[in-house]
Amino acid sequence: MKMRAAIFVEPKKPLVLDEVELDPPAAGEALVRLAATGVCHTDLYTMSGLDPSALMPAVLGHEGGGVVEAVGPGVTAVAVGDHVIPLYIPECGKCAHCLSDETNLCLAIRGTQAQGVMPNGSSRLHWQNKMVHHYMGTSTFAQYTVVPEIALAKIRKDAPLDKVCLIGCGVTTGVGAALWTAKVKPDSTCAVFGCGFVGLNALQGCRLAGAKRIIAVDLSPGRLQAAQDFGATDVVNAGDGNPTQAVLDLTGGAGVDYSFEATGNTTVMRQAFESCRMGGGRCTIIGVASAGAELSVVPRFLITGRHLTGTAFGGAKSRTRVPQLVEWYMEGKLKVDDLVSRTMPLAQINTAFEYMERADGVRSIVKF
Ligand code: 022
Ligand code: ZN
């Protein structure tokens with residue numbers, strides 16, 4: 001079938017809007033009609049020319065929501081009409097990682113996904129008689145996508161897809177970092193470095209976990225204002241001096257029980273690490289640094305019992321947790337609507353990237 005899609009053709013150039021051919025779902029796959037997709041920094045990074053693993057041409061996008069339109073042979077996990085969120089970390093339920101409590105990084109289709117193809121080694125996408133790569137197994141910058149059934153979370157049908165699509169990446173990444181990677185305890189102290197989309201969600205994850213003190217750190221007064229709506233009890237403007245010292249001062253010199261980094265900047269990662277307390281403090285790196293970046297730490301901070309770890313998709317077992325987060329949103333426990341700054345049609349997707357490059361707004365959503 002033919003569909004409209006935004007195609008990544010060349011680094012540092014706008015996405016090309018054109019008709020793309022999409023093949024029907026093969027065995028174990030489903031065709032999804034997308035209702036909406038978020039536009040994430042990782043898409044922008046892929047377009048920047050700085051990502052050595054970027055494949056072209058490709059249909060980008062990994063924060064979508066839609067409705068199953070058809071299923072391939074042998075599909076049992078989803079059916080036509082189901083509302084779904086595509087997952088860039090699938091959950092097969094059978095691999096060593098799915099069976100482990102320690103990680104959410106399903107191994108089932110990892111190799112082919114990284115190569116921009118479906119598990120059987122071929123692409124469902126074609127343009128100008130050439131193969132087009134899938135992206136993160138999701139390719140949501142298009143009217144339709146084909147994804148493996150193990151990469152679809154089935155969600156309740158009354159949830160607005162143009163909001164809950166954000167649970168497909170940033171919401172789960174931030175909230176999950178607090179709940180499922182760090183496992184924040186009630187009455188604990190937390191600090192979140194970086195109050196963009198993911199940082200705001202880490203803040204609300206700390207709030208949901210029952211933390212008593214939640215310190216937000218950012219350079220922007222506007223973001224620190226938003227941070228208070230997402231659970232911050234204290235704010236630190238990182239431009240007013242050493243933010244690590246400010247966090248230590250706010251915690252009687254000790255540092256916080258849990259710190260989080262949500263910028264991708266290695267200097268900020270070190271600040272977050274040095275802000276957690278000796279004797280069991282935990283720092284969780286959420287931000288994705290550029291290829292080749294290195295992080296230095298002073299070993300003394302480790303031998304005094306600080307933990308340094310990272311998270312992908314908030315440590316969430318995807319098909320299990322995404323529907324649960326949708327429930328929490330529908331019950332009013334989880335804020336999502338306030339994260340949407342702009343909604344636009346696919347034809348305007350390149351303006352969404354312009355806003356993102358200017359750090360203007362929190363999240364743009366493309367509505368099909
Ligand atoms: C997306 N991310 C952040 C914001 N939006 C994000 C976060 C983490 C990863 C990727 C994107 C990530 C961490 C660990 C991995 N990835 C797995 C690496 C591995 O398997 O060796 C990751 C994932 C998917 C892809 C690339 C990297 C891909 O499909 N191309 C989960
Ligand atoms: Zn993302």
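Atoms within a ligand are numbered from 1 in the order they appear, just like the ligands themselves.
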Show me which atoms of ligand 1 lie under 4.0 Å from any heavy atom of [X].
X      : answer
Cys40  : 4 (C), 5 (N)
Cys169 : 1 (C), 4 (C), 5 (N)
Ile89  : 31 (C)

When rounded to the nearest 0.5 angstrom, what is the spacing between CD1 in Ile286 and OG1 in Thr311?
-> 7.0 Å

Enter the distance from Phe368:CZ to Thr37:OG1 here, rounded to the nearest 0.5 Å.
-> 6.0 Å

Considering only NZ, NE, NH1 and NH2 on the basic side and carboxylate oxygens on the acidic side, decide whether Asp257 and Arg282 come within less than 4.0 Å.
-> no

If you measure from the Lys or Arg side-chain nitrogens to the Asp or Glu carboxylate oxygens, is any gap between Glu69 and Arg33 under 4.0 Å?
-> yes

Would you mind checking which non-hydrogen protein atom is closest to [atom], with the distance to 0.1 Å?
atom                    : result
atom 16 (N) of ligand 1 : Ala312 CB, 5.0 Å
atom 29 (O) of ligand 1 : Gln113 NE2, 2.8 Å
atom 2 (N) of ligand 1  : Thr42 OG1, 3.5 Å
atom 15 (C) of ligand 1 : Leu105 CD2, 4.5 Å
atom 7 (C) of ligand 1  : Val288 CG2, 3.8 Å

Take every heavy atom of Thr173, measure it against each atom of ligand 1, and state whether any distance is under 4.0 Å.
-> no

Does the [X] side chain pair with the main chain of [Y], one donor and one acceptor, at a distance under 3.5 Å?
X      : Y      : answer
Ser341 : Val362 : yes
Arg363 : Ile365 : no
Gln204 : Val175 : no
Gln113 : Gly116 : no
Thr233 : Ile214 : yes

Test item: protein heavy atom less than 4.0 Å from [atom]:
atom                    : answer
atom 26 (C) of ligand 1 : no
atom 4 (C) of ligand 1  : yes
atom 22 (C) of ligand 1 : no

Evaluate the criterion side-chain contact (heavy atoms from CB on, under 4.5 Å) for residue pair Phe141 and Val366; output intermediate values, then yes/no.
-> CA-CA 8 Å; Phe141 293 167; Val366 166; 5.8 Å; no

Taking the Zn ion (ligand 2) as the apex, NE2 on His62 and SG on Cys169 give an angle, to 10°, of 110°

With a 4.0 Å heavy-atom cut-off (strictly under), which part of His62 contacts ligand 1: side chain, backbone, both or neither?
-> side chain

Hey, looking at atom 20 (O) of ligand 1, which of Met136, His97, Arg110 has the closest heavy atom?
-> Arg110

